[in-house]
Protein chains: 2
Amino acid sequence: MSTACDHHEEHQHHGLRGAALAAALTSAEARCAATQERLTAPRRRVLELLLGADAPLKAYDLIAAFGDRGEPAKPPTVYRALEFLERLGFAHRIESLNAYVPCRIEGAHVAAFLICDCCGEAAEVQPDLAAQVRAMARATGYEVRGVTLEAHGLCAGCRP
Amino acid sequence: MSTACDHHEEHQHHGLRGAALAAALTSAEARCAATQERLTAPRRRVLELLLGADAPLKAYDLIAAFGDRGEPAKPPTVYRALEFLERLGFAHRIESLNAYVPCRIEGAHVAAFLICDCCGEAAEVQPDLAAQVRAMARATGYEVRGVTLEAHGLCAGCRP
DNA sequence: CGTTCACCGTTATGAAATAACATAACCGCT
DNA sequence: AGCGGTTATGTTATTTCATAACGGTGAACG
């Protein structure tokens, strides 16, 4: 599921549990309600799985974990939920991993990640690159609609 | 092959032809020779296809176009060549498209692209984001090994 | 109360990438 | 030349990732 890091002790968990998880889901419900969007059962379930995970999840990880007692979901169910969650800003796709993470930085932003190739951690950060990319785009008449920024390397815990 | 742009006349060609293509390949040979690397037949062929293309090519486009008279290559042949070309800096993978382009900016750099979602053009640019990403990384002890930056939007020719 | 629209479940298929193993070319050495 | 390590290629098969297409269901709206 994730590239395990054998030379370091277990990483701290990032996934939400119990009350924190429930609170995050309730918050998501509220944000949906505010914009006439519906956090339906499969969408909610996929968001729950993402929020509870300690590392980026692949689509087929979600498909396998979807059911309550081992029954997997059908691929379109999960892909449709992911599409919705991305559209509303609840989740991001990490292109270079074919994997998904819940959004960790609420509010308007360009999603950017520092990905550890050893332990699999993907830290979401908030770069101020809008200005630069915009400047470059303006020089050529290009209109930016979205930016993907993904750094690969080693996190502090995995550096030698 | 590329998302055609029906509301604008044909785009200028970016692909190299004839003498320019031959010169680029010869230059690549020279750069390989200087570092004890070998630009073998399949590698050269894949590079030739990338250099001649007007837009990012998918791996299976390369596989289909590989042979002289329609015979496709086997997937590993092309994937291995692409791996080599990326390692030497002759080509880049665009993660958000699952596609490949020849490197258009010689020399050390972080590859960055302004991708037009309408006509498929992918302009390589040279952002000065190393400083920013490095600063962010240093703050958390993260060691950067590579950065993917891909903007999606509309190029000047495709804007309404 | 019926239409409309978004959403869902399901089957099937398509597209992208790699595993695993066998063979061949290159290179430096004696 | 002949050997042996190394690098690259050929080949088959499989795995992983993603979407097309279609029919049914239920909330929302006049």
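The figures here come from the full heavy-atom set of this structure, side chains too, leaving out hydrogens, waters and symmetry mates. Chain identifiers are assigned alphabetically (A, B, ...) following the order of the sequence lines, protein sequences preceding nucleic acid strands; residue numbering begins at 1 within each chain.
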Angle, rounded to 10°, between the helical axes spanning five pairs at each terminus of the helix from C/dC1-D/dG30 to C/dT30-D/dA1?
30°
Considering just the side-chain nitrogens and oxygens of A/R43, establish if one lies under 4.0 Å of OP1 or OP2 belonging to C/dC7.
yes
Between A/T77 and C/dT10, does any side-chain N or O lie under 4.0 Å from OP1 or OP2?
no
Whole-Å distance separating the CG atom of B/L97 from the P atom of C/dA16:
11 Å
Looking at every strand, decide which applies to A/P42 at a 4.0 Å heavy-atom threshold: base, sugar-phosphate, or nothing.
sugar-phosphate
With a 4.5 Å limit on heavy-atom distance, are the side chains of A/L114 and A/E124 in contact?
no
Spacing of A/L57 atom CG and A/L97 atom CG [to the nearest 0.5 Å]
11.5 Å
Interatomic distance, B/I63 CD1 vs C/dG14 P [rounded to whole Å]
17 Å
In whole angstrom, give the distance that lies between atom CG of B/D61 and atom P of C/dG14.
17 Å
Taking C-beta and beyond as the side chain, do B/F84 and B/C32 meet within less than 4.5 Å on heavy atoms?
yes
State whether A/R44 places a side-chain N or O below 4.0 Å from either non-bridging phosphate oxygen (OP1 or OP2) of C/dC8.
no
Think B/Y79 has a side-chain N or O under 4.0 angstrom from the OP1 or OP2 of C/dA17?
yes
Taking the side chain of A/R80 as heavy atoms from C-beta outward, which of C/dA16, C/dG9, C/dC7 is closest to it?
C/dG9
Over how many whole Å does the gap from A/F84 atom CZ to D/dT19 atom P extend?
18 Å
OP1 or OP2 of D/dT12 versus the side-chain N and O atoms of B/K74: is any pair under 4.0 Å?
yes
Atom pair CD (A/E150) and CD1 (A/I94), whose distance is rounded to the nearest 0.5 Å
6.0 Å
Has the side chain of A/S27 got a donor or acceptor atom that lies under 3.5 Å from a matching backbone atom of A/A23?
no
For residues 33-47 of chain B, which residue pairs qualify under side-chain hydrogen bond (donor to acceptor under 3.5 Å, both in side chains), counting only residues two or more places apart or in two chains?
B/E29-B/R44, B/E37-B/R87, B/R45-B/E48
First encountered from the 5' end of DNA chain C, between A/P76 and A/N98
A/P76
From CD of A/E71 over to P of C/dT10, roughly how many Å is that when rounded to an integer?
11 Å
Starting at atom CG of B/L82, determine the distance to atom C1' of C/dT18, rounded to an integer number of angstrom.
14 Å
Which part of the nucleic acid, if any, lies within contact of A/R38, taking any heavy atom under 4.0 Å across all strands shown: a base, the sugar-phosphate backbone alone, or nothing?
sugar-phosphate
Heavy-atom donor-acceptor pair, A/Y142 side chain to B/A123 backbone, under 3.5 Å
no
Measure the distance from CD on A/E83 to C1' on C/dC7 and round it to the nearest whole Å.
12 Å
Counting only side-chain N and O atoms of A/K58, is one of them less than 4.0 Å from OP1 or OP2 of D/dT16?
no
For A/P75 and B/Y60, find the nucleotide of DNA chain C closest to each by heavy atoms; which residue's nucleotide sits nearer the 5' end?
A/P75
If I take atom CG in residue B/L39 and atom P in nucleotide D/dA8, what distance separates them, rounded to the nearest angstrom?
12 Å
A/L25 CG to A/F90 CZ distance, which is reported to the nearest 0.5 Å:
10.0 Å
